[in-house]
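The figures that follow rest on heavy atoms only: side chains count, while hydrogens, waters and symmetry mates do not. In what follows, chains carry the letters A, B, and so on, assigned in the order in which the sequence lines appear, proteins first and then strands, with residues in each chain numbered from 1. As the structure is a prediction and not an experimental result, all values here were calculated from the model.
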Amino acid sequence: MPELPEVETVRRGLVPAMEGQVIASVRVNRPDLRWPFPARMAERLTGQQVLTLRRRSKYILADLASGESLLVHLGMSGRMLVSGRLIGAYWQQTGAEGGQPGPHKHDHVVIDMANGARITFNDPRRFGSMDLLRTDQADRHRLLAGLGPEPLGNSFDARYLAAALAGRRAPVKAALLDQRIIAGLGNIYVCEVLYRTGIDPRRPAAELGADSVAALIPVIRDVLTQAIAAGGSTLQDYQQADGASGAFQDDFRVYGREGQPCLTPGCAGVITRFAQSGRSTFACPDCQR
DNA sequence: AGGTCAACCTGAGCGC
DNA sequence: TGCGCTCAGGTTGACC
């Protein structure tokens, strides 16, 4: 998935095509993704003006003039195309999609705007989702209600994080992946953050000292901010014709670098990969303690 | 209550 | 060429 920076990149890519614009028609090619689509989704979207596109954690919310909001989650493989162009290519482009008009395999929802832009939601693995909710009750939606603070927001600070990690015996990596504690981090950025703070991902969260917890805050903010500025991360070696793909993968220091030398000056370590709760962790055994 | 793990899916890449 | 296996950026719900 796309993690927070990739979702923010997608949101920004959708803004020129959608914000302030009217939805002319909607084609829904299957009844569900991860969950069933909301009742009469196409009808409830058609004719609506999109007032604002915003992001909460890894979710995109399109606030409509009707008082409803379209909630979108990209799952692991969800992609958005604007008139055939992929936004923030965090997933390898496949098949005949490059610049070709649709439809293509896994184009599940197609939204035509009155301005002529065509928004396509393509998701091979179908872990993504869409829902409609009352805009004024968005915070109570089941997918949003339990989310922790935005890592780039004002309420996320050392005091909060220390309290959230207190008493947690889970590995610090699992804790930082827990969206109830902090919303928006995923496997890549947690690996990068723990490497850059010199913390062993296996350490029980509660055993981190106050200094380590405090050190996490600016590193989390910096990594996410830099990744957003780079347009997110692109896996595989996909390059988009219009240059819209992200570039933060060039700044990965541990993710995907198993067997390669540690990049910390003076460290002779070799990056290792091991599994934590079923997911790959990349770390330097020498400088993460 | 907190922590761990399987499950949900398709596709790419690898070794044989 | 093809088969079987592993892996993939997320999240939920069942089970200790």
Side-chain angles (χ1 to χ4, degrees), chain A residues 1-10 30-36 56-60 71-80 86-97 104-108 121-131 141-148 164-193 201-207 223-224 227-228 230-238 245-249 251-252 254-258 273-282:
Chain A
M1 107 25 214
E3 305 180 36
L4 188 154
E6 289 73 39
V7 175
E8 176 62 19
T9 298
V10 170
R30 54 175 297 133
D32 57 60
L33 284 173
R34 173 155 193 189
W35 296 291
R56 171 73 171 107
S57 186
K58 301 170 191 173
Y59 295 89
I60 293 171
L71 180 69
V72 179
H73 193 277
L74 300 172
M76 288 279 270
S77 58
R79 300 178 282 192
M80 285 289 188
L86 205 49
I87 305 173
Y90 48 84
W91 188 262
Q92 184 179 31
Q93 191 164 26
T94 58
E97 284 158 24
H104 305 109
K105 203 173 181 185
H106 310 304
D107 283 353
H108 305 308
F121 183 27
N122 179 288
D123 183 9
R125 293 176 73 179
R126 304 204 301 273
F127 291 166
S129 63
M130 283 190 173
D131 203 357
H141 188 273
R142 65 184 183 91
L143 295 174
L144 305 180
L147 294 175
L165 298 182
R168 294 239 167 204
R169 272 185 299 167
V172 60
K173 189 199 178 194
L176 294 179
L177 279 173
D178 188 335
Q179 304 296 297
R180 297 169 299 185
I181 293 178
I182 170 173
L185 294 182
N187 201 39
I188 290 178
Y189 293 103
V190 167
C191 287
E192 291 295 319
V193 161
R202 293 161 292 204
R203 281 181 64 189
E207 291 181 15
V223 167
L224 293 177
I228 291 171
S233 301
T234 304
L235 292 195
Q236 325 293 341
D237 51 0
Y238 163 83
S245 63
F248 192 74
Q249 70 280 0
D251 292 319
F252 289 172
V254 278
Y255 189 85
R257 296 195 64 248
E258 180 184 19
R273 176 168 73 106
F274 51 93
Q276 285 184 285
S277 50
R279 315 197 63 187
S280 284
T281 296
F282 295 87

Enquirer: On the nucleotide C:dG9, are OP1 or OP2 found under 4.0 Å from the side-chain N or O atoms that A:Y255 carries?
Expert: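 Answer yes for this pair, as a side-chain N or O of A:Y255 is under 4.0 Å from OP1 or OP2.
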Enquirer: Find the distance A:L185:CG to C:dG9:C1' and express it as a whole number of Å.
Expert: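 Rounded to the whole Å, the gap is 12 Å.
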Enquirer: On the nucleotide C:dG9, are OP1 or OP2 found under 4.0 Å from the side-chain N or O atoms that A:K58 carries?
Expert: no
Enquirer: Given C:dC7, is OP1 or OP2 found less than 4.0 Å from the side-chain N or O atoms of A:R279?
Expert: no
Enquirer: Work out which heavy atom in A:R257 is nearest to a heavy atom in A:F252; give both atom names and the distance.
Expert: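 Nearest heavy atoms, A:R257 then A:F252: CD-O, 3.9 Å.
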Enquirer: Between C:dT11 atom P and A:L144 atom CG, what is the distance in whole Å?
Expert: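 One finds 11 Å between P of C:dT11 and CG of A:L144, rounded.
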Enquirer: Can a side chain N or O of A:H106 be found less than 4.0 Å away from OP1 or OP2 on B:dC9?
Expert: no
Enquirer: OP1 or OP2 of B:dG11 less than 4.0 angstrom from a side-chain nitrogen or oxygen of A:K105, does that happen here?
Expert: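 A:K105 to B:dG11 OP1/OP2: side-chain N or O found under 4.0 Å.
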Enquirer: How many Å lie between NE2 on A:H108 and C1' on B:dC8, as a whole number?
Expert: 13 Å
Enquirer: Look at all strands and tell whether A:S280 reaches a base, only sugar-phosphate, or nothing, counting heavy atoms closer than 4.0 Å.
Expert: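 Sugar-phosphate contact only - A:S280 comes under 4.0 Å of backbone atoms but never of a base.
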Enquirer: Using atom P of each nucleotide, how far apart are C:dC3 and B:dC9 to the nearest Å?
Expert: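 Here C:dC3 and B:dC9 have their P atoms 23 Å from each other.
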Enquirer: For a 4.5 angstrom cut-off between non-hydrogen side-chain atoms, does A:D123 reach A:H106?
Expert: no
Enquirer: Compare side-chain N and O positions of A:H73 against OP1 and OP2 of C:dG10 and report whether any pair is under 4.0 Å apart.
Expert: no
Enquirer: Write down the atom of A:Q179, the atom of A:L185, and the distance for their closest heavy-atom approach.
Expert: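 What the structure gives for the nearest pair is NE2-O, 2.9 Å.
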Enquirer: In this structure, how many angstroms lie between the C1' atom of B:dT10 and the CZ atom of A:R79, rounded?
Expert: 11 Å
Enquirer: If you check the A:E6 side chain, which of C:dG9, B:dG3, B:dC9 turns out closest?
Expert: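 Ranking C:dG9, B:dG3, B:dC9 by closest atom to the A:E6 side chain puts C:dG9 first.
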Enquirer: Which atoms of nucleotides 12-16 of chain C (N or O only) lie under 3.5 Å from a protein N or O atom, and what are those distances?
Expert:
residue: C:dT12; atom: O4'; partner: A:R34; partner atom: NH2; Å: 2.9

Enquirer: Provide the closest heavy-atom pair for A:S57 versus A:G184 in the form atom of the first, atom of the second, distance.
Expert: OG-N, 3.3 Å
Enquirer: Hydrogens and angles aside, do A:N122 and A:H104 bring a side-chain donor and acceptor to less than 3.5 Å of each other?
Expert: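 The answer is no; no qualifying pair exists.
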Enquirer: Between C:dC7 atom C1' and A:F282 atom CZ, what is the distance in whole Å?
Expert: 10 Å
Enquirer: Taking a pair as Watson-Crick (N1 to N3 plus N6-O4 or O6-N4) or G-U wobble (N1-O2 and O6-N3), both under 3.5 Å, which stems of 3 or more consecutive pairs involve DNA chain B?
Expert: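 The stems that DNA chain B takes part in, listed by first number, are B:2-8 with C:10-16, B:10-16 with C:2-8.
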Enquirer: Flag as yes if A:F127 stacks onto the base of B:dC9 (centroids under 5.5 Å, planes under 30°), otherwise no.
Expert: no
Enquirer: How long is the line joining CG of A:N122 and C1' of B:dG11, in whole Å?
Expert: 12 Å
Enquirer: Backbone N or O of A:K58 within a donor-acceptor pair of the A:E8 side chain at under 3.5 Å?
Expert: no
Enquirer: Could you give the distance separating B:dG3 and C:dG9 at their C1' atoms, to the nearest angstrom?
Expert: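 One C1' to the other, the span is 23 Å.
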Enquirer: Is any N or O donor-acceptor pair between the side chain of A:R125 and the base of C:dA8 shorter than 3.5 Å?
Expert: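 Yes.
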Enquirer: So what does A:G278 hit on the nucleic acid, given a heavy-atom distance under 4.0 Å: a base, only sugar-phosphate, or nothing?
Expert: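 No contact at all - A:G278 keeps every heavy atom at 4.0 Å or more from the nucleic acid.
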Enquirer: Please examine the side chains of A:L74 and A:R79, heavy atoms only from C-beta on, and report whether any two atoms are closer than 4.5 Å.
Expert: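 In short, these two side chains do not touch, never coming nearer than 4.5 Å.
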Enquirer: Search all heavy atoms of A:P5 against all heavy atoms of A:L224 and return the closest pair with its distance.
Expert: CG-CD2, 3.7 Å
Enquirer: May I ask you to say what A:P5 touches in the nucleic acid, namely base, sugar-phosphate or nothing, with a heavy-atom cut-off under 4.0 Å?
Expert: nothing
Enquirer: Quick check on DNA chain B: between A:S277 and A:R180, whose nearest nucleotide comes earlier from the 5' end?
Expert: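 Mapping each residue to its closest nucleotide by heavy atoms, the 5'-most match is A:R180.
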Enquirer: Rounded to the nearest 0.5 Å, what separation is found between the SG atom of A:C191 and the CD atom of A:Q276?
Expert: 8.0 Å
Enquirer: For the side chain of A:S233, counting heavy atoms from C-beta on, which of C:dG9, B:dG3, B:dC9 is nearest?
Expert: C:dG9
Enquirer: Phosphate oxygens OP1/OP2 of C:dT11: is one of them under 4.0 Å from a side-chain N or O of A:Q179?
Expert: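 For C:dT11, OP1/OP2 do have a side-chain N/O of A:Q179 under 4.0 Å.
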Enquirer: Heavy atoms, side chains only, cut-off 4.5 Å: are A:L144 and A:L71 in contact?
Expert: yes
Enquirer: Is there a donor in the side chain of A:R34 and an acceptor in the side chain of A:S129, or the other way round, less than 3.5 Å apart?
Expert: no
Enquirer: Please report the distance, rounded to the nearest Å, between CG in A:L33 and P in B:dA7.
Expert: 22 Å
Enquirer: Measure CD1/A:I181 against C1'/C:dG10 and give the value in whole Å, please.
Expert: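 About 16 Å, once rounded to whole Å.
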